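Taking it in order: structure first as structure tokens, then the write-up.
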Amino acid sequence: MEGVLSPRDAGRFISETSKDVFIEDGGVQKVANKIYEKSRTGEFNVKMWRKHELNPQTMDEDAVNWVFVSAVLNFSFWSEKESNRFTVQYKDKSHTGYWALCAAMNRALDEGNKITTASYYSTVTMDQMKQMFRSDSEIEMPLLEERQRVLVEAGGVLMKKYQGSFANVIREADKSAQSLLRLVLQEFPSFRDVADYGGKKVGLYKRAQILIGDIWGCCEGQGLGEFTDINTITMFADYRIPQALVYFGALRYSDSLMEKLKQCHLFKSGEKLEVEIRGVSLWACELIRDSIAAKISAEISSTGQEKKPEEKVAEVNAILVDHYLWDLRREMADEMSPIPFHRCRGIYY
Ligand SMILES: Nc1nc2c(c(CN[C@H]3C=C[C@H](O)[C@@H]3O)cn2[C@@H]2O[C@H](COP(=O)(O)O)[C@@H](O)[C@H]2O)c(=O)[nH]1
């Protein structure tokens with residue numbers, strides 16, 4: 001967007017300016033080493049996305065439209081008590097947080113509600129939302145009215161300008177992730193995750209970038225998911241990656257900020273401390289990605305010969321760094337729970 005720092009430039013600027021959130025190089029190297037080792041197994045690549053059972057298993061237009069709706073709704077699942085959250089039972093499993101959103105979408109589809117069809121969700125009613133996104137715990141899905149509003153808005157744009165399919169937006173971007181990012185920000189207002197910080201406008205664009213990352217993952221970087229510049233997409237600035245980065249010592253909070261977090265302070269979207277947590281986390285992931293790239297090129301130059309294609313370590317971009325940390329935060333939820341996440345009610349992440 002015009003006059004707005006891109007996520008990478010925003011991350012660098014916020015990191016250089018921040019007074020309450022700091023990057024610790026020791027922790028950055030620790031995470032980079034863990035991911036570098038993981039990347040040598042050959043399983044650490046774009047194919048990981050589809051391994052999650054709730055994600056679509058096809059790579060067609062329906063899958064891409066599923067991803068678009070999940071990205072429109074991919075925000076703010078946290079509740080006061082982590083022990084009592086919005087929960088969805090689906091195929092004998094209990095899902096919370098982001099996975100509860102996916103489970104609810106799949107349950108809705110199984111029940112005949114066309115939640116991923118723009119002609120349906122562009123006119124979805126609150127009664128239909130309550131039915132589709134009903135919780136199986138006593139905690140309802142947060143911000144349901146907001147979710148209806150952004151769904152109707154997004155569906156309306158697709159119907160009016162893109163024949164009802166997000167695949168047509170992707171086609172217009174002509175295999176450029178940055179063109180698709182610009183198009184999403186231009187056409188879908190709810191994705192405009194921008195804040196005022198230090199006299200500048202900073203674009204963190206969490207949902208717009210995770211939309212592109214998930215399209216890339218869903219299609220394994222092929223067909224509708226093929227982007228020549230996918231490595232320019234940064235980490236997705238949510239409320240979980242910071243938790244993981246602090247846990248591994250890559251990020252450090254000032255005592256006063258840590259105290260606020262421990263008091264479950266409710267941050268306003270766009271306030272200084274909230275922007276610093278998200279922006280410095282983003283920059284930390286850029287540094288982790290750079291450190292991994294240096295290790296990979298050092299390995300190639302030290303062995304001298306080029307690896308066989310199947311042995312080549314797939315380039316580790318910020319999306320894969322992000323997914324590694326996000327999935328690990330889920331797997332290590334208990335170990336990481338002493339690190340407080342920042343609470344902000346909003347539609348951006
Ligand atoms: N940075 C980042 N943020 C992510 C995701 C995802 C889901 N991605 C999955 C799909 C493929 C990947 O491998 C992941 O398995 C959700 N979120 C955000 O987290 C928050 C919810 O968290 P919790 O309360 O624990 O459910 C909420 O802000 C949501 O917007 C991610 O990947 N990266």
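These values consider heavy atoms only, across backbone and side chains, with no hydrogens, waters or symmetry-generated copies. Here the structure is a predicted model, which means the values were calculated and not measured. Atoms within each ligand, like the ligands themselves, are counted from 1 in listed order.
Nearest protein heavy-atom contact of atom 3 (N) of ligand 1 is D238 OD2, 3.2 Å. Summary of contacts: the protein heavy atom closest to atom 14 (C) of ligand 1 is D327 OD1, 3.3 Å. For atom 32 (O) of ligand 1, the nearest non-hydrogen atom of the protein is H323 ND1, 3.0 Å. Looking at atom 26 (O) of ligand 1, its nearest protein heavy atom turns out to be R330 NH2, 2.6 Å. For atom 21 (C) of ligand 1, the closest heavy atom belonging to the protein is Y239 OH, 3.4 Å.
Within the structure, the salt bridge (Lys or Arg N to Asp or Glu O under 4.0 Å) test picks out the following pairs touching residues 111-121 (sequence neighbours left out): E111-R134.
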Go through it in stages, so that I can follow the logic: the residues are T125 and Q128, the test is side chain to side chain donor-acceptor pair (under 3.5 Å), and I'd like the CA-CA distance, side-chain angles, deciding distance and then a yes or no.
CA-CA 5 Å; T125 66; Q128 288 167 328; 3.3 Å; yes
Side chain to side chain donor-acceptor pair (under 3.5 Å) between Q89 and D136, intermediate numbers included:
CA-CA 6 Å; Q89 298 288 353; D136 292 312; 5.6 Å; no
N65 and S165: side chain to side chain donor-acceptor pair (under 3.5 Å), yes or no, with the steps?
CA-CA 7 Å; N65 282 307; S165 176; 3.2 Å; yes
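When only interatomic distances are considered, the shortest N/O to N/O separation between F236 and ligand 1 falls below 3.5 Å. Checked against a 3.5 angstrom limit, the closest N/O atoms of Y98 and ligand 1 fall inside it. The shortest N or O to N or O distance between R329 and ligand 1 is under 3.5 Å. Considering backbone and side-chain atoms alike, D322 places an N or O below 3.5 Å from some N or O of ligand 1. Between W49 and ligand 1, not a single N/O pair is under 3.5 Å apart.
In this structure, Y349 has its ring center at least 6.0 angstrom away from the ring center of F75.
At least one heavy atom of R85 sits closer than 4.0 Å to an atom of ligand 1. Within the 4.0 Å heavy-atom cutoff, L325 does not count among the residues contacting ligand 1. Residue R240 places a heavy atom less than 4.0 Å from ligand 1. Ligand 1 has K206 within reach: a non-hydrogen atom of the residue lies less than 4.0 Å from it.
The parts of N74 lying near ligand 1 are both backbone and side chain, judged by heavy-atom distances below 4.0 Å. Neither the backbone nor the side chain of M235 has any atom closer than 4.0 Å to an atom of ligand 1 (non-hydrogen atoms only).
Ring geometry for F188 against F166 counts as tilted: the plane angle lies between 30° and 60°, on a 0 to 90° scale. The aromatic rings of H342 and F267 lie perpendicular to each other, with more than 60° between the two planes, well past the 30° mark.
Remark: R329 is not positioned above the aromatic ring of Y324, lacking an NZ or CZ atom under 6.0 angstrom from the ring centre and at most 45 degrees off the axis.
For the side-chain hydrogen bond (donor to acceptor under 3.5 Å, both in side chains) criterion with Y197, the lone passing option out of R278, E276, K272 is E276.
Within ligand 1, counting atoms from 1 as listed, the ones closer than 4.0 Å to a heavy atom of G97 are 26 (O). Interface atoms of ligand 1 facing I241, defined by a heavy-atom separation under 4.0 Å, are 1 (N).
Compare W78, Y348, W326 by their heavy atoms: the one nearest to atom 31 (C) of ligand 1 is in W326.
Counting only heavy atoms from C-beta outward, the side chains of M159 and S119 approach each other to under 4.5 Å. Taking 4.5 Å as the limit, every side-chain heavy atom of V28 sits out of range of all side-chain heavy atoms of L245.
Residues R345 and S76 bring a donor and an acceptor atom of their side chains to less than 3.5 Å of each other.
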